[in-house]
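Small disclaimer: the values here were computed from a predicted structure and weren't measured. The chains referred to below are lettered A, B, ... by the order of the sequence lines, with proteins before strands, and numbering in each begins at 1.
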Amino acid sequence: MNYDFKAIEPKWQKAWEEAGLFKAEDFSDKPKFYGLVEFPYPSGAGMHVGHIKAYSSIEVISRKRRMQGYNVLFPIGFDAFGLPTENYAVKTNTHPRIITDRNIEKFSMQLRKVGFSFDWDRTVDTTDEDYYHWTQWIFLKLFEHGLVFRNKALVNYCPHCKVVLSNEDSQGGKCDICHSDVIQLSKDVWYLRITDYAEKLLQGLETVDYPENIKQQEINWIGKSTGAFVNFRVAGKDDNIEIYTTRPDTLFGVTFMVMAPEHPLIDRYADEITNMDAIRAYREECAKKTEFERTQLVKDKTGLKIEGITAVNPVNGEEVPIFVADYVMMGYGTGAIMAVPAHDQRDWDFAHAFDIPIIQVIEGGDIEKEAYTGDGQMINSDFLNGYDNKKDSIARMIEVLEERGIGHKGIQYKMKDWAFNRQRYWGEPIPLIHCPNCGVVAVPYEELPLRLPEVEDFEPGTDGKSPLARIDSFVNCTCPKCKGPAKRETDTMPQWAGSSWYFLRYCDAHNDQAFADPKKLAYWMPVDWYNGGMEHVTRHLLYSRFWHQFLYDIGEVPCPEPYAKRSAQGMILGADGEKMSKSRGNVVDPLDIVETYGADTLRTYVMFMGDYGSAAPWNDASVRGVKRFLDRVAGLTDLITEEPVQSLESGIHKAIKKVSSDIEDQKFNTAIACLMTLINDIYKKGKIGRDQLISFLKLLSPFAPHITEEIYHEIGGTDYLTVSAWPEYDEEKTVDAMIEIGVQVNGKVRGTVLIPKDAEKEEALSLGRANEKVAAAMAGKTIVKEIYVPGKILNYVVK
RNA sequence: GCUGGAGUGGCGAAAUGGCAGACGCGACAGACUCAAAAUCUGUUUUCCGCAAGGGAGUGUGGGUUCAAGUCCCAUCUCCAGCACCA
């Protein structure tokens, strides 16, 4: 067959769509399969080859599931709010709505050209008011349940993007959008209480099928630790400094305390602190450092002793000095620590720099040289003396703290509440109203969606306010409660809002009464298999699990976890092995590949590149190799016989078995390799039975659906191969009657021998001995032991 | 520092403890061609050897085993994520 992919591909794409082959059917009796990929941000640059790889895994699995008789939901949509579009809007003075529509159209066209089997009837666009209506609705539910709060605190602020960023969006002290250094600003902003869900987010991981590294990354990000809160009295005052420690067993070794520069106690005693000027200067110095600098200068501990006040160790009444130092963070624990230089390296470093005494309370190590963090006999510790491990001494210490009312057991999480706002235009308006009489009031549900007002000028405000703040008709409103004059919140929601629930909307994309019909949610949820990038593990994945768990708690969704299974693709690097980027000039445009080699080649190539989860560089020559393979597939039509070719039977059945299981295991590369091996064999035989060819085409169909459909019709098929039954294999036929196994002498392979597959030990051993090379290797030696592992190996141990 | 993962040909990579290097790329040789491209056939871990054949070989060093890329201990390097988290 002549392989004219330029004609074939659009032809079948149109035919499949018109036949509605990819439409998911609500409430079908067939078993359901919900396959999900992370919907794209429709940037102006169009699709990246990374999108192709990310979508191809679920694409292949969805196509296989349809052939296996499943009712498949494989949807796509667009996560279209966000800064790149807005920045481009500012630059070109074009409304972001226009840019977004244009980009969505481009992406849709590109996705169709690759032949992805999406159900286009369920497409969502997060910037559509029929969609963000429900994003705002969920936000109001969160507000209603006390999970939205406003707080003036130090926030991560990107001076370049002019927005407040969440902790998740400023990892490593860099802005997630523009990679500038993030600074700390004190600002009054909205937060979502994700920390209330820390424990559920942690426990939920035990119920889902995620790869270990993803689970670990989320566990680390949540950062649970158990320890104790302990109150240190301010000497001579009726006032306490609360600290958090994971090592309450070392309380007798406390020789000083350290506070974060921002700690409020410092201001409270400003009058009594004799070196307050120096402390103010130190604070200013710290405030100037970026997060990056603060974490880079790990070695050189800076700090200052607070003169004029001291603290009292509650277990032994010892008075200890208080220091201020920026290695203690206000955002974790209580912002103050007890310092035990003998058994904590940071405290040890600090004690040496400031000439503070060190008291050892656990035997072991050499505290002259470094802090000792291991286990050992407790010493110098009053009632703990004699305990010999952390576990017991911590438990005992917590008992005593609680008995004496000076402390209690506590749990801390590193995860912080989600700073939920952007001072920008292109996002969902936050549906809250500030009323001088009633305080913060929710926009009534019936007034949703709260539409983004039309503006002329999207430029962010220089005063740290959103452009919405400049629109009086939007800002000024009446309070829903007291009907008095009030002002709307002008911040918008962050990029991650819309994507935190989109998988629910796909279940019922056009509902105007609810975010989705509960019956449809009950039918489709949870997502059976979700593929996406590692970069979203501590952002989108965590956020959307949080929203979903909340919706479950208020009875809006049928399952506690949204995704039953998660996988992640490896990055496609440029041909030079570097990350693809415009500046390096190593970017591959997937549409160029579709033009030159066809969509089937592109799809098959990205799945054949290597291990799906690992990064792999692009290689044009290998793309041509895959095209060559498809050319050979097209050529199979010349080899057809009506009768099946007996000598191919076992190879075909083996391939059915291997391709079926490899797809499930995401070993797409070896599935394709197996089909290549089979086609090499077919060409060697020079012929293939018609039905055998159809089985081959079915196995290849999820990867290269167009060419296989074309050949199927070329050889007389009248229905669609794309939704035909997945082939079955006969276990009997996958096993050869005679098999070749290796023969070893003293573990070294000396030859091979052909033996019946279920040969008895004696028969196999004598056949092995008959092998010339084996016999030569054993000549003149005594056989000590003979090993026969059926189907695997023969080994003679000789002396 | 902590967590997760990876080190195998010239390259991308395969190998439920059982013949290391499947499959693809590239390279080399041959066929076809006036020639080239495309296509087809063959060779291709490495060293010694004309060959038959033999030796070595999965980051490094040990160990378990009849048998180790795979399991155990130690060690080095790289990738990803987190990180003064008390």
Side-chain angles (χ1 to χ4, degrees), chain A residues 171-173 211-221 223-225 227 243-247 250 257-258 260 294-302 325-329 331-340 344-347 349-350 412-416 534-535 537-538 568 570-571 573 577 605 608-611 613-626 628-629 631-632 635 667 669-680 683 740-753 773 776 784-798:
Chain A
Q171 297 182 26
E212 196 51 36
N213 59 337
I214 292 181
K215 281 192 189 181
Q216 274 308 325
Q217 210 171 309
E218 289 213 348
I219 290 169
N220 290 347
W221 184 256
K224 181 178 180 174
S225 83
I243 60 98
Y244 174 72
T245 178
T246 54
R247 295 297 305 277
T250 61
M257 292 186 76
V258 188
R294 243 173 112 156
T295 54
Q296 284 305 297
L297 302 168
V298 178
K299 294 265 155 58
D300 313 318
K301 297 252 179 307
T302 65
D326 68 352
Y327 82 90
V328 173
M329 306 284 156
Y332 183 78
T334 62
I337 63 161
M338 65 179 214
V340 186
D344 180 289
Q345 192 58 44
R346 286 157 308 162
D347 297 344
D349 292 341
F350 194 84
Q412 279 292 299
Y413 300 95
K414 287 186 205 169
M415 185 172 64
K416 293 178 191 161
M534 286 307 294
E535 69 276 18
V537 170
T538 52
M571 213 190 303
L573 305 171
Y605 172 67
F608 182 62
M609 291 176 84
D611 173 51
S614 308
W618 186 267
N619 184 333
D620 276 317
S622 290
V623 176
R624 287 191 291 275
V626 169
R628 217 152 21 224
F629 165 62
D631 285 337
R632 278 158 71 77
K667 290 159 78 176
N669 54 337
T670 52
I672 294 164
C674 170
L675 293 173
M676 288 173 167
T677 311
L678 180 56
I679 206 170
N680 290 344
Y683 271 93
E740 195 183 47
I741 67 171
V743 187
Q744 300 177 331
V745 177
N746 285 349
K748 205 168 271 257
V749 178
R750 293 297 169 177
T752 62
V753 65
K773 290 171 194 166
V784 186
K785 194 172 179 183
E786 294 170 319
I787 290 135
Y788 170 53
V789 183
K792 303 284 187 196
I793 203 89
L794 274 168
N795 190 11
Y796 302 90
V797 185
V798 298

Atom-pair distance ([atom1] on [X]; [atom2] on [N]), nearest Å:
X	N	atom1	atom2	answer
Y788(A)	A67(B)	OH	C1'	16 Å
E786(A)	C66(B)	CD	C1'	11 Å
N669(A)	A14(B)	CG	P	5 Å
K224(A)	C2(B)	NZ	C1'	19 Å
I672(A)	A14(B)	CD1	C1'	14 Å
K414(A)	G81(B)	NZ	P	16 Å
M415(A)	C82(B)	CE	P	16 Å
I219(A)	C2(B)	CD1	C1'	14 Å

Sugar-phosphate only, base, or nothing, as touched by D347(A) at under 4.0 Å among non-hydrogen atoms: nothing

Sugar-phosphate only, base, or nothing, as touched by G625(A) at under 4.0 Å among non-hydrogen atoms: sugar-phosphate

Non-hydrogen atoms of [X] and [Y] that approach each other most closely:
X	Y	value
V328(A)	G335(A)	CG1-O, 3.5 Å
A325(A)	F350(A)	CB-CE1, 3.7 Å
A260(A)	M329(A)	CB-C, 3.9 Å
M338(A)	D347(A)	O-OD2, 4.0 Å

What's touching nucleotides 16-20 of chain B from the protein side, N or O pairs under 3.5 Å?
residue	atom	partner	partner atom	Å
U16(B)	O4	K792(A)	NZ	2.2
G18(B)	O2'	K792(A)	O	3.4
G18(B)	N2	Q744(A)	OE1	3.3
C19(B)	N4	E740(A)	O	2.9
C19(B)	N4	E740(A)	OE1	3.4

Distance check, rounded to the nearest 0.5 Å: [X] atom [atom1] versus [Y] atom [atom2]?
X	Y	atom1	atom2	result
N795(A)	Y788(A)	CG	OH	14.0 Å
N669(A)	C674(A)	CG	SG	11.5 Å
I672(A)	F608(A)	CD1	CZ	7.0 Å
S225(A)	Y413(A)	OG	OH	9.5 Å

Within-4.5 Å side-chain heavy-atom neighbours: N680(A) and R632(A): yes

Pairwise side-chain contact, V753(A) with V743(A), heavy-atom cut-off 4.5 Å (strictly under): yes

Could you tell me how far [M] sits from [N] if I compare only their [atom1] atoms? Round to whole Å.
N	M	atom1	value
A20(B)	A80(B)	C1'	29 Å
G55(B)	G59(B)	C1'	22 Å
A36(B)	G21(B)	C1'	34 Å
U70(B)	A6(B)	C1'	14 Å
U44(B)	A38(B)	P	23 Å
C25(B)	A13(B)	C1'	10 Å
U75(B)	A52(B)	C1'	43 Å
G18(B)	U65(B)	C1'	12 Å

Geometric cation-pi criterion, R346(A) with Y327(A): 6.0 Å, 45°: no

side-chain hydrogen bond (donor to acceptor under 3.5 Å, both in side chains) between Q217(A) and N213(A), intermediate numbers included: CA-CA 6 Å; Q217(A) 210 171 309; N213(A) 59 337; 5.8 Å; no

Can you identify which nucleotide, out of [options], has its nearest atom closest to the [X] side chain?
X	options	answer
Q216(A)	G4(B), G24(B), A14(B)	G4(B)
I337(A)	A86(B), C84(B), A14(B)	A86(B)
T245(A)	G81(B), A22(B), A86(B)	A86(B)

Under 4.0 Å between a side-chain N or O of [X] and OP1 or OP2 of [N]?
X	N	value
Y244(A)	A86(B)	no
N220(A)	A83(B)	no
R346(A)	C85(B)	yes

Test item: N746(A) side-chain N/O and V798(A) main-chain N/O as donor-acceptor pair under 3.5 Å: yes

Side-chain donor/acceptor of Y605(A) to backbone N/O of G625(A), under 3.5 Å: no

Most 5' of I214(A) and V797(A) on RNA chain B, judged by nearest nucleotide: I214(A)

All side-chain hydrogen bond (donor to acceptor under 3.5 Å, both in side chains) counterparts of E786(A), not counting sequence neighbours: R769(A)

From CA spacing to verdict: side-chain hydrogen bond (donor to acceptor under 3.5 Å, both in side chains), T538(A), Q171(A): CA-CA 10 Å; T538(A) 52; Q171(A) 297 182 26; 3.0 Å; yes

Evaluation steps, side-chain contact (heavy atoms from CB on, under 4.5 Å), between K414(A) and N220(A): CA-CA 8 Å; K414(A) 287 186 205 169; N220(A) 290 347; over 6 Å; no

Audit row: T677(A), L675(A), side-chain contact (heavy atoms from CB on, under 4.5 Å) steps and yes/no: CA-CA 5 Å; T677(A) 311; L675(A) 293 173; over 6 Å; no

Syn/anti state for G9(B) [syn: chi within 90° of 0]: syn

Contiguous pairing runs of three or more, Watson-Crick or G-U under 3.5 Å, that involve RNA chain B: B:1-7 with B:76-82, B:10-12 with B:23-25, B:26-31 with B:39-44, B:45-48 with B:53-56, B:59-63 with B:71-75

Expected rows: protein N/O vs nucleotides 50-59 of chain B N/O, under 3.5 Å:
residue	atom	partner	partner atom	Å
G55(B)	OP2	R750(A)	NH1	3.4
A56(B)	OP2	K748(A)	NZ	3.0

Could you pull out the protein-nucleic contacts involving nucleotides 8-12 of chain B (nitrogen or oxygen on both sides, under 3.5 Å)?
residue	atom	partner	partner atom	Å
G12(B)	O2'	M609(A)	O	2.5

Could you write out each protein N or O paired with an N or O of nucleotides 36-41 of chain B at a distance under 3.5 Å?
residue	atom	partner	partner atom	Å
C40(B)	OP1	R632(A)	NH1	3.2

